[in-house]
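Source: prediction; values computed, not measured.
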Amino acid sequence: MPELPEVETIARSLRNAPNLAFSPSPGLNKRPGVIGRTVADVQVNWQRSVAEPDAPTFCERLSGQTIAAVKRRAKFLVFQLDGDWLLIHLRMSGDIRVEPRSGVPLQAHDRVIFNFKDGARMVFNDTRKFGRVWLVEDPDSILGCLGPEPLSTALTPEVFSRSLLQQKRAVKTVLMDQKFLAGMGNIYTDEALHLARIHPLERASSLEPGRAEGLLSAIREVLEEGIRRNGASIDWVYRGGDFQNYFRVYQRTGENCPDCGTKIERIVVSQRGTHFCPTCQPPMIKG
DNA sequence: CATCAACCCTGAGAGC
DNA sequence: TGCTCTCAGGGTTGAT
């Protein structure tokens, strides 16, 4: 599922020069981007993929607007247009393609198709239909409640530690709370907790400053490695990344811990499959 | 406020 | 081989 590194990878490819040639399987840095392209019309194949406004208004208002910039905030793709902002959340199975409008057939699960005036199109494909698109005047109406970006220098170890100390919930639950920290998902949370040698069920408030700082470093390390490897390609959505080959614990239940060899265990935390090493990440002894 | 379960969906994988 | 069944999973919503 796309988390911060996957969305960042897609955002970067969308910022590539728009005049690159379309070819069957180009590397991520050779795919044509969308900056400067103008929307001609929009086709919605699944109404519920459009969160706001209603689908007909969404299509009508987008027509004629030009993409000025593409950014990422948390797991959102953020497109700055002429007056409005287009937001896309890929959720579990969403993906974005940029391709020619003619000569290339649409695919199964193509939900929203943005046709550009220059003959290209951007396609939002989403097998499980969990993803959403928004068209809003003020992006903060959707993004305003998000917590800090984990890679931002504004998030200092001191700030992070102080925030954790105020949270009684399990540390994994807290890290995945988008209001607390923006962009972490199940994969990178499990990976970061293993790297930091912290049990996923430990109360966040029990992490003293030293371990909180270690946790922030681990979060940044796994996110940066994910971005460096162009994200992870799993859930049958191939995005060109290969971080899935370097998971320490995620979906490795019963396999050996890369650090100590103990069998990786799986539990459920906040309704999410959670993978950890019982030796490297021992439960806190209350005292 | 914290916690928890249901919900939205599809297809992979298991079981038969 | 092919059918049916179970389940994962991000984020939202509603119940406890």
Taking for A:W46 and for A:K168 the nucleotide of DNA chain B with the nearest heavy atom, the one nearer the 5' end belongs to A:K168
Mind checking if A:K75 touches a base, just sugar-phosphate, or nothing, with heavy atoms under 4.0 Å? sugar-phosphate
If stacking means aromatic ring centre less than 5.5 angstrom from the base's six-membered ring centre, planes under 30°, is A:F130 stacked on C:dG10? yes
### Message
Side-chain N or O of A:Q166 versus OP1/OP2 of B:dA2: is the shortest distance under 4.0 Å?
### Response
no
Across all chains, not counting sequence neighbours, the side chain to side chain contact (heavy atoms under 4.5 Å, CB included) partners of A:E265 are A:F276, A:P278
Practice item. State plainly whether one hydrophobic cluster holds both A:I227 and A:L181, where clusters connect Ile, Leu, Val, Met, Phe, Trp and Tyr through side-chain heavy atoms under 4.5 angstrom apart. Key: yes
Check: Would the A:F76 and A:W134 ring centres measure less than 6.0 Å apart?
Finding: yes
Any side-chain heavy atom of A:D242 sitting closer than 4.5 Å to one from A:N230?
-> no
Original post:
Would you say A:Y250 reaches C:dA8's phosphate, i.e. side-chain N/O to OP1/OP2 under 4.0 Å?
Top reply: no
Checking B:dC9, B:dG11, C:dG10 against the side chain of A:K129 (C-beta onward), the nearest is B:dC9
Taking C:dG9, B:dG11, B:dA2 as options, the one with an atom nearest any side-chain atom of A:R169 is B:dA2
Base, sugar-phosphate, or nothing: which does A:R48 touch, judged by heavy atoms less than 4.0 Å apart? sugar-phosphate
OP1, OP2 of B:dG11 versus side-chain N and O of A:H109: anything below 4.0 Å? yes
Charged N-O contact under 4.0 Å between A:K172 and A:E202: no
Salt-bridge present (A:R211, A:E208; N to O < 4.0 Å): yes
### Query
Which part of the nucleic acid does A:Q271 contact within heavy-atom distance under 4.0 Å: base, sugar-phosphate only, or nothing?
base
In short, the helix from B:dA2-C:dT16 to B:dC16-C:dG2 is bent end to end, axes from five pairs each side, to 10°, by 50°
Taking only N and O in the side chain of A:R128, is any of them less than 4.0 Å away from OP1 or OP2 of C:dG9? no
Salt-bridge test for A:D177 and A:R169: reply yes if a basic N is under 4.0 Å from a carboxylate O, no otherwise. yes
Note to self: Strictly below 4.0 Å: does A:H89 bring a side-chain N or O up to OP1 or OP2 of C:dG11?
What the structure shows: yes
